[in-house]
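Read the structure below first, then the notes.
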Amino acid sequence: MSEVRDRWAAASAYEDYMGRWSRKLALRFVSWLGIPGSVHWLDVGCGTGALTKAICSHADPASVLGCDPAEPFIEYAQRHSQDVRASFVVAGAGALPSRAGGYGSVTSLLVLNFLPDSEAAVHEMRSLTANHGAVSACVWDYGGRMEFVRCFWDAVAAVDSTAREIDQGQRFPLCRPQALTDLFRAGGLGDVRCEPIEIPTEFASFDDYWRPLLGGTGSAPSYVASLDTDRRTTLAWKLEQVLPRGPGGTIVLTARAWAVRGTAN
């Protein structure tokens, strides 16, 4: 399965698959960070703008600059942002936008594990942060209680023995509290802490769970897009058998993320 690559081309498809949950997570993450008002923020890997929107609505920032290397995501974020404090630019790790005097908060949501060199990324984030400013990140607990993704990859493993290497729980050992803590400390940050954040993810039906997986944007949807019709049908059948059902056929799961922050000295 080494030929399967994550695709990040369709912003609207990403919104259907992950955006509806990342927006809920973003609000909890911003609250957890507790950054004071009137601070300049940099949102690294802003995607469709979930975290930038949460910062504007719940952190009273002086400004928020969101950056992402995927131009379709930046265009989506720009179209859907109405806050004058928010702006967006196409840029990625290795060429992050700087600010005179630095940012009071440099953060990222659901991005750090996808970067090819997370250690270099944390060093770069710290270098752009004002003295005593905060550097932070939040990633899904892919190997544990990010349940709707965990259920997906467990079902994949049951029908495709070659897919272990692309299971996000296997691909992203960074998405564990000790690994994140070690990464931030190695990046020269002080007062590092890492804690869980959980949100409920309720799907109205199996179709509500399965349909966004057909969008081809994101890790799990990219895998689904690589399958022929028969294998896709087999996977859907397996998932329909194993997903827990609540009243009226709802699928109620928990999504846990790990939030980490440190201080630039």
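Note that the structure is a prediction, hence the values are computed from the model and not measured.
- Taking a cutoff of 4.0 Å between a charged side-chain nitrogen and a carboxylate oxygen, E198 and R28 do not qualify as a salt bridge.
- Checking side-chain atoms of R99 against main-chain N and O of P97 turns up no donor-acceptor pair under 3.5 Å.
- The minimum heavy-atom distance between Y76 and A11, with the atom names listed, is CB-CB, 3.6 Å.
- Of the possible polar contacts, none joining the E202 side chain to the V252 backbone as a donor-acceptor pair under 3.5 Å is found.
- Taking the side chain as every heavy atom from C-beta outward, C56 and V64 approach each other to under 4.5 Å.
- Atom CH2 of W140 is separated from atom CZ of F148 by 6.5 Å, given to the nearest 0.5 angstrom.
- In this view, R85 and D60, D83 satisfy the salt bridge (Lys or Arg N to Asp or Glu O under 4.0 Å) rule, not counting sequence neighbours.
- Partner of L235 under the side chain to side chain contact (heavy atoms under 4.5 Å, CB included) criterion, chosen from D230, L227, D160: L227.
- You'll find the side chain of L174 reaches within 4.5 Å of the side chain of L112, heavy atoms only.
- Comment: R145 does not engage D141 in a salt bridge, judged by the lack of any side-chain N to carboxylate O separation of less than 4.0 angstrom.
- The CD1 atom of I166 sits 9.0 Å away from the OG atom of S222 when rounded to the nearest 0.5 Å.
- The shortest distance between side-chain heavy atoms of D16 and R20 does not fall below 4.5 Å.
- Remark: side-chain polar atoms of R261 are paired, donor with acceptor, to backbone N or O of L33 under 3.5 angstrom.
- Residues T107 and V135 are not in side-chain contact: their nearest non-hydrogen atoms beyond the backbone lie 4.5 Å or more apart.
- Panel note: side chain S136, backbone V260; no donor-acceptor pair is recorded below 3.5 Å.
- A donor-acceptor pair is defined here as one N or O able to donate and one able to accept, closer than 3.5 Å; such a pair exists between the side chain of S22 and the backbone of G19.
- The environment of Q82 atom CD is sparse: at most 12 non-hydrogen atoms of other residues, nucleotides or ligands sit within 6.0 angstrom.
- A distance of 11.0 Å separates CG of L243 from OG of S205, quoted to the nearest 0.5 Å.
- Surrounding NE2 of H80 are more than 12 heavy atoms belonging to other residues, nucleotides or ligands, all under 6.0 Å away.
- Panel note: side chain T52, backbone G49; no donor-acceptor pair is recorded below 3.5 Å.
- Figure legend: R193 and W32 shown as a cation-pi pair, the cationic atom lying under 6.0 angstrom from the six-membered ring centre and within 45 degrees of its axis.
- For the atom pair CZ of F184 and CG of D191, the computed distance is 13.0 Å after rounding to the nearest 0.5 Å.
- Scored by the side chain to side chain contact (heavy atoms under 4.5 Å, CB included) test, V242 finds K238 as partners (sequence neighbours excluded).
- Using modelled atom types, one side-chain atom of R176 and one backbone atom of P173 make a donor-acceptor pair closer than 3.5 Å.
- In plain terms, the two heavy atoms of G216 and P221 that are nearest each other are N-CB, 3.6 Å.
- In this structure, the side chains of T48 and F73 come closer than 4.5 Å at one or more pairs of heavy atoms.
- Counting only distance, with no hydrogens or angles, the side chain of T129 and the backbone of M125 share a donor-acceptor pair below 3.5 Å.
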query = Going through the checks in order, is the salt bridge (charged side-chain N to carboxylate O under 4.0 Å, His left out) test met by D154 and R150?
reply = CA-CA 6 Å; D154 287 347; R150 188 68 262 140; 3.1 Å; yes
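- Judged by distance alone, with hydrogens and angles left aside, the side-chain atoms of E124 form a donor-acceptor pair with the main-chain N or O of L96 at under 3.5 Å.
- Using bins of under 30°, 30° to 60° and over 60° for the plane-to-plane angle, the ring pair Y17/Y14 lands in the perpendicular bin.
- We find the CG-CD distance between N113 and Q168 to be 8.0 Å, quoted to the nearest 0.5 Å.
- In this structure, the side chains of R79 and I74 stay at 4.5 Å or more apart for every pair of heavy atoms.
- At least one side-chain heavy atom of F88 sits less than 4.5 Å from a side-chain heavy atom of S81.
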query = Taking it one step at a time, do T201 and Y209 satisfy side chain to side chain contact (heavy atoms under 4.5 Å, CB included)?
reply = CA-CA 10 Å; T201 56; Y209 176 95; over 6 Å; no
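- Rounding to the nearest 0.5 angstrom, the gap separating the CG atom in L189 from the CZ atom in R126 is 6.0 Å.
- At least one side-chain heavy atom of L183 sits under 4.5 Å from a side-chain heavy atom of S118.
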ask   = Is there a salt bridge (charged side-chain N to carboxylate O under 4.0 Å, His left out) between E147 and R256 once you walk through the steps?
value = CA-CA 8 Å; E147 292 179 344; R256 180 168 66 190; over 6 Å; no
